[in-house]
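Written below as structure tokens is the structure these notes are about.
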Amino acid sequence: THTHTQKAFDSGMSESCVVCHLSADFDALASALGYCKILDHCAQGSVERTPAFMVLPAGESTEVHYYLNRFAHLLPIRPIKTVEPALLHTLCVVDTHRVKRIGDAAAWTSQVKRLIVCDHHAPNRCDLQPPQHGTMEVQVERVGAASTLVVEHIRRLGVALGEEERTLLALGIHTDTGSLLFDCATSRDAAALGWLMEQGVNRAMLCEFGRTVLTPQQQQCLVQVLPRLRIHRVCGRLVGRLAVRLLHSMAFSPVVHSLVELFSLDVCVAFVHMVHVRHHSALPKHKLSVILRCSANTPLDVAELARQFGGGGHAKAAAFTCNLTEKDFPPGTTDQETGKEQKKTHKSGGDGDDVAAQNQEEEEEVLVMVDGDQGSAKAGSPGGGEQPNPQDPAEHRAHELAATVWQALMAELNRERTLVQDIMTRDVHFCDGAVSGYAAGAMMSDLNVAVLPVLQDDAQPVGQVEHTPCYTRSSVRGFVTQYDLFRAKKQGYLQEPVKKFLSGHEIPVVYEDETVGDGLHALFSEQRHDLALVLRRQPAEQQAQQAQQEQPEQPE
């Protein structure tokens, strides 16, 4: 590296550099390599250019770290300290277009002759400083991975790729789109991945690196924080909440991802209080990193939530980091600015708000400390006491920010919730318990249904909703299924009334003003996945439900 830099400096040749975001993932690494190939292809025949190289500003993910341990010698990576900004002619920024995400390389953007930005995180505004004496090209398009944009460019130019390079680009698309299963995945991602597969990739490497890998340190941390995880049911969804204090540098995102998979969480938020102790300073540096994850089937954009606090990411995985000092604390998160809003929100008694109020007191129990040397997790404060120190300004601000983020998350979940009455079948058909199995089977065939509710012999409708008769809960005897009719036919008593061979399980009951998540929970608890009886609350039940909502929800 030193030889190439000295040679370029002595001969006056210009250099081309590709830089990605901090903590590089596979998509960042792959798109950086792909643009190096593009720049080299466009510079063919030029004697004034050295081969393009890539720079990782600060660290990489666990999976990328394992990959680089084996294949770093195949990539044109240079340490950031070896780059001479005066020699740079072309600078390409991939997988991000935010100045805070490229670290020290942000100072280079104004010095180059040509600046290229290629990213898929829309619709953020590009805040990179344009060159003072040059051109700037920005390509920010909403696709699943930045590697997709790079592959499309490679195909247009006809750039030749080796198997290792194609495999790395395929890894970038696989990991950022969840193997094309995430909401962000598009047909363009599928086409790019299909082209790479057609050209030839190493499938063994895709299987090896295309999954979340925990280091031994992360595995130990996962085991230790499990008892501290708090799980709540909010708007029918399982929401995990965790607060951790780290006394050493460790990528915590894979741990949060593992928690989502282990407990089948819909949403998980982790508050990571990082304490950096420098040898040349007696004062530690405090940062709070908030990591947000949600499942693929949860209609929530956590990246939008992270942007409210200066962060970003993907719709299902996002994060932001805040320095726990007064000048760097996000606006709207101090006691003076949020005190009135918190009191007003807690009094509203809506879904999740009471949980936030309860967990603000519960935070003392949730907080754990992970020691850097032995990896032990324990309740405590930065000073090593058994309880967190409420006099610590950094810790106090961390609690303030955690409460604010939790309230914002509850507001998003309330906004996205769907009630049972919004999706329920209103044109419901019943059959009398005295009808024969033949008649019930004919009715199922005509209606094209597999389950039919059966009424009591003396059941009378108590009203109508949209011209559909309504019955009380006690009027429903049970339900008959196609399997019940098949069994009755095999045993030769299909001519008998259906009330004699009803299914043994009771019909699960949900209320029309409950969320869909609560309704599904009732179905699964009864081991039924196809039918539920929807009830309308009586005035007395509505008062009881309202009184219950005013009480803090207990963690499950």
Lys/Arg-Asp/Glu bridge criterion (N-O < 4.0 Å) met for R78, E15:
yes
Step by step, would you call L259 with L226 a side-chain contact (heavy atoms from CB on, under 4.5 Å)?
CA-CA 8 Å; L259 290 174; L226 284 179; 3.5 Å; yes
Could you tell me if H120 and D95 have a donor-acceptor pair between their side chains, going purely by distance under 3.5 Å?
yes
So how far is it from S253 OG to I291 CD1, rounded to the nearest 0.5 Å?
4.0 Å
Could you tell me whether the side chain of V93 reaches within less than 4.5 Å of the side chain of V18, counting heavy atoms only?
no
Does E165 use its side chain to pair, donor to acceptor, with the backbone of G162 at less than 3.5 Å?
yes
Using every non-hydrogen atom in the two residues, find where V64 and D25 come nearest and quote the distance to one decimal.
CG2-C, 3.4 Å
Which residue, V143, V151, L149, forms the side-chain contact (heavy atoms from CB on, under 4.5 Å) with D189?
V143
Classify the ring geometry of W406 against H232: parallel below 30°, tilted from 30° to 60°, perpendicular beyond 60°.
perpendicular
Should L238 and F263 count as side-chain neighbours, where that means a heavy-atom distance under 4.5 Å?
no
Is there a donor-acceptor contact under 3.5 Å linking the side chains of D127 and H97?
no
With rounding to the nearest 0.5 Å, note down the distance linking CG in L87 to SG in C17.
11.5 Å
Is the shortest heavy-atom distance from the side chain of E152 to the side chain of R188 under 4.5 Å?
yes
Before you tell me yes or no, could you show the steps for R203 and E208 under salt bridge (charged side-chain N to carboxylate O under 4.0 Å, His left out), namely the whole-Å CA-CA distance, both residues' side-chain angles and the distance that decides it to 0.1 Å?
CA-CA 9 Å; R203 297 175 183 268; E208 180 180 358; over 6 Å; no
R166 and G200 have their tightest heavy-atom pair at NE-O, 2.6 Å
For the student: nearest non-hydrogen atoms of V112 and T109, plus distance
CG2-O, 3.5 Å
Check for me whether the distance between the ring centres of F26 and Y67 falls short of 6.0 Å.
yes
Closest heavy-atom contact between C20 and P57?
O-CG, 3.0 Å
Can you tell me if S147 and D27 form a side-chain donor-acceptor pair at under 3.5 Å?
yes
Only one of L74, V201, L75 passes side-chain contact (heavy atoms from CB on, under 4.5 Å) with L168, and that residue is L75
Do T62 and Q218 have side-chain N/O donor and acceptor atoms under 3.5 Å apart?
yes
Measure the CG-NE2 distance between L196 and H174 for me, rounded to the nearest 0.5 Å.
9.0 Å
Whether Q44 side chain and D40 backbone form a donor-acceptor pair below 3.5 Å
no
Would you say that C118 contacts Y35 through its side chain, given a criterion of any heavy-atom pair below 4.5 Å between the two side chains?
yes
Per the side-chain contact (heavy atoms from CB on, under 4.5 Å) rule, which among V19, L22, I102 passes with T96?
I102
Any side-chain heavy-atom pair of I231 and R241 under 4.5 Å:
no
Heavy atoms only: give me the nearest A145-G172 pair and the separation to one decimal.
CB-O, 4.0 Å
Measure the CZ-CG distance between F271 and L242 for me, rounded to the nearest 0.5 Å.
9.5 Å
Just wondering, do S295 and K316 contact through their side chains at under 4.5 Å, heavy atoms?
no
Any side-chain to backbone donor/acceptor pair from E137 onto I116? Under 3.5 Å, distance only.
no
Could you tell me the separation between the CG atom of D119 and the NE2 atom of H21, rounded to the nearest 0.5 Å?
8.5 Å
Would the distance check show the side chain of T404 and the main-chain N or O of E400 forming a donor-acceptor pair, the cut-off being under 3.5 Å?
yes
For Q139 and E141, test the side chains for any donor-to-acceptor distance below 3.5 angstrom and give the result as yes or no.
yes
Taking the side chain as everything from C-beta on, heavy atoms only, tell me whether I154 gets closer than 4.5 Å to V150.
yes
Is the number of heavy atoms from other residues, nucleotides or ligands within 6.0 Å of NE2 (H133) greater than 12?
no
Please give me the minimum heavy-atom distance between T148 and A192, naming the atom from each residue.
CG2-CB, 4.0 Å
Distance, nearest 0.5 Å, that separates CG of L33 from CZ of F53
14.0 Å
Side-chain contact test, heavy atoms from C-beta onward, threshold under 4.5 Å: evaluate it for L288 versus T321 and give yes or no.
no
